[in-house]
Amino acid sequence: MNETRYTGTWESVKQHTVPAWYEDCKFGIFIHWGIYSVPAFAPRTWELGEVDSDEQWFCNNPYAEWYYNSVNVGRGPTYEHHMNTYGREFRYEDFIPMWKAENWNPGEWAELFQKAGAQYVVLTTKHHDGFCLYPSEHTKFHAGRMGPCRDITGDLTEAVRGAGLKMGLYYSGLIDWQFANDPIFVEGENFSNACPTFEYADYSYKQMKELVDKYRPSVLWNDIGWPKQSEHAMPYLLAHYYNTVEDGVVNDRFNGLYHDFLTKEYQYGKADRTQKWEMCRGMGLSFGYNENEGDDQLISLPKLIRLLVATVADNGNLLLNIGPKADGTIPTEQVKRLLTLGRWLQVNGKGIYGTRCSKRLSEHRADGTQVYYTRKGRDLYFYIDGLKEGCNVVSLPGLHRTVTALNPALEVEQDVSENGLRLTVKNYRSDLYLLGFEAAGQE
Ligand SMILES: CC(=O)NC[C@H]1N[C@@H](C)[C@@H](O)[C@@H](O)[C@@H]1O
């Protein structure tokens with residue numbers, strides 16, 4: 001008799017706690033790869049949450065992975081682009097044979113993610129277009145027999161785990177344009193009730209279960225919501241998941257009924273440091289690869305590293321998305337950011353990985369510097385942002401003993417008085433980004 005820890009009740013499932021690995025890992029790679037990676041087109045408009053998710057958003061959607069709906073709405077830049085580039089007769093499904101993944105090497109991806117300092121990966125197994133990146137037993141509309149003609153999910157899971165990273169799976173729980181493809185103009189009711197049939201509730205439950213059984217994902221990243229017709233069955237699925245993957249975690253997008261961690265997406269979503277949460281975003285405004293987003297349109301490295309540190313200091317993980325090209329290569333501007341982030345983490349990661357929230361809140365100071373705190377037991381870590389090239393003097397009134405720079409190349413002088421610690425950094429350069437320090441025993 002296997003030790004079945006969870007039963008299909010909310011009471012049982014809610015006994016599950018966030019496993020230490022998810023608290024410790026801090027940084028993951030999100031991957032949006034699909035048919036939409038072929039046209040790779042969206043206008044550069046807003047971050048999610050910057051404007052209302054209404055007609056203006058859905059007719060000028062910056063998410064390239066929404067290509068199908070952006071054409072289906074019958075107006076706007078993506079619709080015009082499709083008509084001018086492919087013509088009215090060209091259907092979304094006609095892109096599938098153009099998605100060959102001919103240059104895809106999952107081992108190279110996994111090696112890059114490892115060099116980036118990521119500890120987990122989350123891959124789209126089925127996005128809103130309903131195309132499955134794994135050989136599902138419940139549909140023929142999948143990459144095992146169309147487009148790439150391989151088990152993308154299985155091959156990447158093997159490579160990622162081989163590189164020592166955890167593997168998570170994304171599933172579009174409540175939008176599937178193979179079941180309901182009315183154009184979406186507004187987020188409200190028709191968005192959250194996009195697939196209203198029992199047929200779809202049954203299909204999505206079965207697919208979620210087959211993903212758990214086939215791949216045993218460490219993260220079950222559901223998106224949009226969960227069919228209302230199978231909300232009563234959710235504890236059964238979650239109990240099955242936790243009995244199959246004991247240290248598995250799920251996000252908060254199951255109609256808000258349950259979560260291990262809360263999610264934010266760009267400016268969307270609320271989270272505070274009292275609960276574990278995760279920030280997800282693309283490097284630009286899109287998750288799917290968007291040819292209109294070159295190096296200048298992607299998040300800058302100082303902003304990216306600040307985002308990671310600020311997120312971690314507030315009890316979050318950063319799930320940073322990459323949008324690969326249809327051929328399986330990752331755009332050079334995205335690779336550059338991953339490798340630079342990895343090099344920064346190699347020098348400064350001691351105050352990131354395995355830490356928890358310090359009781360000290362992040363500080364945005366009058367002199368334009370910011371200080372972010374983390375802790376490991378009684379050891380305090382802090383990161384200083386906003387320094388100028390060359391010599392900087394930073395006062396830290398809350399510290400009363402000297403500290404250690406995580407970057408050994410830093411020339412630092414320290415002076416402790418009744419006013420606290422005065423730190424003089426003599427050789428700051430902007431390509432050092434945020435400077436990390438260890439204040440042993442000073443939490
Ligand atoms: C807040 C929300 O429902 N976002 C849905 C959004 N999630 C992103 C990670 C991408 O997969 C988008 O394409 C998707 O619409």
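One-based numbering, in listed order, for ligands and for the atoms of each. Here, residue 1 is the first one in the sequence, and each next residue gets the next number.
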What are the atoms of ligand 1, with element, lying closer than 4.0 Å to any heavy atom of [X]?
X	value
E65	10 (C), 12 (C), 13 (O)
Y170	11 (O)
I224	3 (O), 5 (C)

Looking only at distances, please establish whether an N/O atom of ligand 1 is found under 3.5 Å from an N/O atom of Y63.
no
Looking only at distance, does H128 have an N or O less than 3.5 Å from an N or O of ligand 1?
yes
Is the F141 ring parallel, tilted or perpendicular to the F131 ring (thresholds 30°, 60°)?
perpendicular
Quick one: nearest non-hydrogen protein atom to [atom], plus distance?
atom	answer
atom 1 (C) of ligand 1	Y268 CE2, 3.3 Å
atom 2 (C) of ligand 1	R253 NH1, 3.4 Å
atom 7 (N) of ligand 1	D223 OD2, 2.8 Å
atom 10 (C) of ligand 1	H32 NE2, 3.4 Å

Under 6.0 Å from the CD atom of Q267, do we count more than 12 heavy atoms belonging to anything else shown?
yes
Pick one: which of Y200, F254, Y171 meets ring pair (Phe, Tyr, Trp, His ring centres under 6.0 Å) with W226?
F254
Applying a heavy-atom cut-off of 4.0 Å, say which part of T124 lies close to ligand 1: side chain, backbone, both or neither.
neither
For residues F41 and H82, establish whether the separation of their ring centroids is below 6.0 Å.
no
Between Y22 and Y120, does the ring centre distance come in under 6.0 Å?
yes
Would you indicate which of H127, E187, E265 comes nearest to atom 8 (C) of ligand 1 when only heavy atoms are counted?
E265
Under a 3.5 Å cutoff, is there a donor and acceptor pairing between the side chains of N181 and Y68?
yes
Is it true that E278 and W221 share a donor-acceptor pair across their side chains at a distance under 3.5 Å?
yes
Given the options Y205, Y134, Y215, E210 meets side chain to side chain donor-acceptor pair (under 3.5 Å) only with Y134
